[in-house]
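Some notes on the structure that comes next.
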Amino acid sequence: MKIEDRDRRVLAFYEQVLEIEQRLIPTGLHTFGRSNRSGEITELLTLVASFDRPELEIPALTELISQGLGLPSYAQLLKESDSSELRLIERERVEKLTRETISRLLSSGKNGGDEVALWINQQAGVSVPLALKSFNLLTRIRQHLQSNQELDGLVRALTGEYLPPGPGGDILQNPSILPTGRNTHAINPYAIPSTLAMRRAEPLTRALLQRYQDEWKKVPESIAMVLWGIDNIKKEGEAVAQVLWLLGVQPLRDGLNRVTDIEAVPLERLGRPRIDVVMTVSGIFRDLFATTMDLLDRAVKCVASLDEPYDMNFVRKHVEEYMRETGCSFQEAATRVFSNAAGNYGTNVNFLVLQSQWENAGELGDLFVRRKCFAYGRDSEGRLLEGLEAQKLLDGALSRVEVSYQNIDSTEVGISDVDHYFEYLGGVTKAVEKRAGKRPQVYLSDTLTPNAKIRTLQETLQLETRTKVLNPKWYEGMLRHGFSGVAEIEHQLTNTFGWSATADAVDDWIYDEVAETFVLDGQMLDRLKALNPHSVQSLVGRLLEAAGRGFWSAKPEVLDQLREAFTGLEDALEGVNS
Ligand code: BEZ
Ligand code: MG
């Protein structure tokens, strides 16, 4: 190996380690009414401080420090594409100073901000007034995190008293969700997607297309995208904005900032083809964003009727091809907004997986389609469709898909924390696999750090596994909660298993190391057993199922040990030998 290649690999490896180390993870469950611990507050504030707050005109502290030091912008330093040792050293210098600034701020007294501002001015040339602006925000957040009015709020609500309202969401995206314990409200659905969401979505969609292009040397013609309600509440419709960018349209607003219509971005400005997007929408999104459903339908139909060449407008290409193949109407061929039947929710793919009630994987994708094949939008007479059964249309649209894609919604809920990511993104992936005859590329976007990133499903699972279920900081945090902590560990494994079932995306080492950490280590097994024998038994059973279904090539001696542990747990639960 050439020396430069070796150095490049070492740097890439080092960056991966940094990514794992710096990932913000929940270190325990939230206890209602309890404020955050100081270690958590430092980590959280450090991450909060690395985001720009354009709405408050406060630049990220990391940017202020980079600029003050005369370095390239921090966003530039985070870019993997131009990795070099010097860049990494510069990045670490900025991060170290940011952390040091936050800890000084946290340990300083009431008016200590002035001193810390002078300090960072001397260290890195950061303007004192700008530093103070940033510190004011951070101090406010810290005060809210250190106190907690949730129990008070609950009692007031239960006694029918007035509870002040406050927005819901993710603290990194929107620190004004604090203090918690208020009457949580969502957002104004008519203002979706916000201008900020459009601004943030543009580079992300570019990155998504680039990622596919790097691997496949072409642009994907069609993308299946999952849209969730809560994600779009937290990020003011960023996923909706991504759909609009993929199609190459932008929202038009009225004087009250309501999105009333869309217009096509000219191809010369877009600089790439318009991508076909098949939307599978959660029941929650459908209920919360009725006008957005209509807007998305209009956007697809507007793009499909533009007089543009097929190689620059895949929506038109696919719609016209489908009309020729099937003789159906334009409105039908251009149906791309799908959800459950009115009043129905979920895909049920998760239940089938959790209860091991499936034989061949195709069943999971078929169930997804049966649950999600209801069309929304308008018919050719302009009447609103509120969940018209349209399985053939969804089958047809999915048969052209090359990429399936979803956003991760917050640092608290990742793709192996809940069963909903695999039921949706996994479900649609499995459905595409059968209908297109090929598994799509599966991507997730992660906007939880300042360098928003597109990762493959495998990469995301690897990162989540390393930072959560295999990370002592995570599992010991969970085990402090006793019974429910063990249940959380089991959920992580089961949800990971869901990605085997729907997308065959789990590496052997993940199962190997989960088995080693929680079952083959006798001391750990005893601890778990004492806290919650039911969940450990499910965990061992799920590992055996992974091997039995061919998702994991486990060593025979490991399987023997797992079987033995399973029987031991069964006996203990049934009271044998006790
Ligand atoms: C949502 O729309 O936000 C959602 C749907 C299903 C599961 C979880 C979240
Ligand atoms: Mg495998």
Side-chain angles (χ1 to χ4, degrees), residues 26 30 167-174 177 184-189 192-194 197 201 224-243 277-296 337-354 364-365 367-374 376 386-387 404-431 444-448 457 460 464 488 491-492 494-496 498-499 501-503:
H30 174 64
D170 180 62
I171 181 174
L172 293 183
Q173 310 280 343
N174 181 9
I177 65 159
T184 309
H185 63 75
I187 41 167
N188 173 5
I192 289 299
S194 70
M225 188 159 164
V226 173
L227 293 179
W228 277 3
I230 296 166
D231 174 50
N232 281 283
I233 291 174
K234 287 179 182 167
K235 301 188 204 140
E236 299 181 345
E238 211 173 296
V240 172
Q242 290 167 11
V243 176
V277 188
V278 188
M279 291 158 256
T280 47
V281 176
S282 75
I284 299 180
F285 183 105
R286 173 204 57 201
D287 294 352
L288 288 172
F289 296 111
T291 52
T292 313
M293 298 280 280
D294 191 26
L295 186 87
L296 290 168
V337 186
F338 295 91
S339 186
N340 296 81
N344 269 296
Y345 301 84
T347 72
N348 291 357
V349 169
N350 45 340
F351 301 131
L352 226 55
V353 171
L354 298 184
L364 300 175
L367 177 62
F368 179 90
V369 167
R370 279 202 305 284
R371 296 284 300 171
K372 286 286 165 192
C373 66
F374 296 84
Y376 287 78
E386 304 214 40
S404 55
Y405 170 65
Q406 185 172 0
N407 289 286
I408 296 182
D409 100 4
S410 72
T411 46
E412 275 150 21
V413 188
I415 65 165
S416 48
D417 288 305
V418 291
D419 51 358
H420 300 304
Y421 281 101
F422 81 75
E423 68 155 323
Y424 272 86
L425 184 62
V428 76
T429 299
K430 205 75 216 172
L444 288 128
S445 80
D446 173 353
T447 51
L448 312 179
L457 171 59
T460 313
E464 283 223 0
E488 285 299 317
H491 292 164
Q492 286 281 327
T494 296
N495 297 325
T496 302
W499 291 112
T502 53

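Each ligand, and each atom within it, is numbered from 1 in the order the structure gives.
His420 CG, 3.3 Å is the protein heavy atom nearest to atom 7 (C) of ligand 1. Of all protein heavy atoms, the one lying nearest to atom 3 (O) of ligand 1 is Ile230 N, 2.8 Å. Closest to atom 6 (C) of ligand 1 among all protein heavy atoms lies Tyr424 CE1, 3.9 Å.
One option in Asn350, Ile284, Asp287, Val418 has a heavy atom closer to atom 4 (C) of ligand 1 than any other, and that option is Ile284.
Across Asp231 and Ala239, no two heavy atoms sit closer than the pair OD2-CB, 3.8 Å. Of all non-hydrogen atoms in Phe285 and Thr292, the two that sit nearest each other are CZ-CG2, 4.1 Å.
Contact atoms of ligand 1 toward Gly229: 1 (C), 2 (O), 3 (O) (distance under 4.0 Å to a heavy atom of the residue).
Residues Asn350 and Tyr424 have side chains that never bring a donor and an acceptor to within less than 3.5 angstrom of each other. When only modelled atom types and interatomic distance are considered, Glu236 and Asn174 share no side-chain donor-acceptor pair under 3.5 Å.
Considering backbone and side-chain N/O atoms, Ser282 comes within less than 3.5 Å of an N/O atom of ligand 1.
Between Trp499 and Phe422, the ring planes are perpendicular. Angles over 60° get that label, and only those under 30° would be called parallel.
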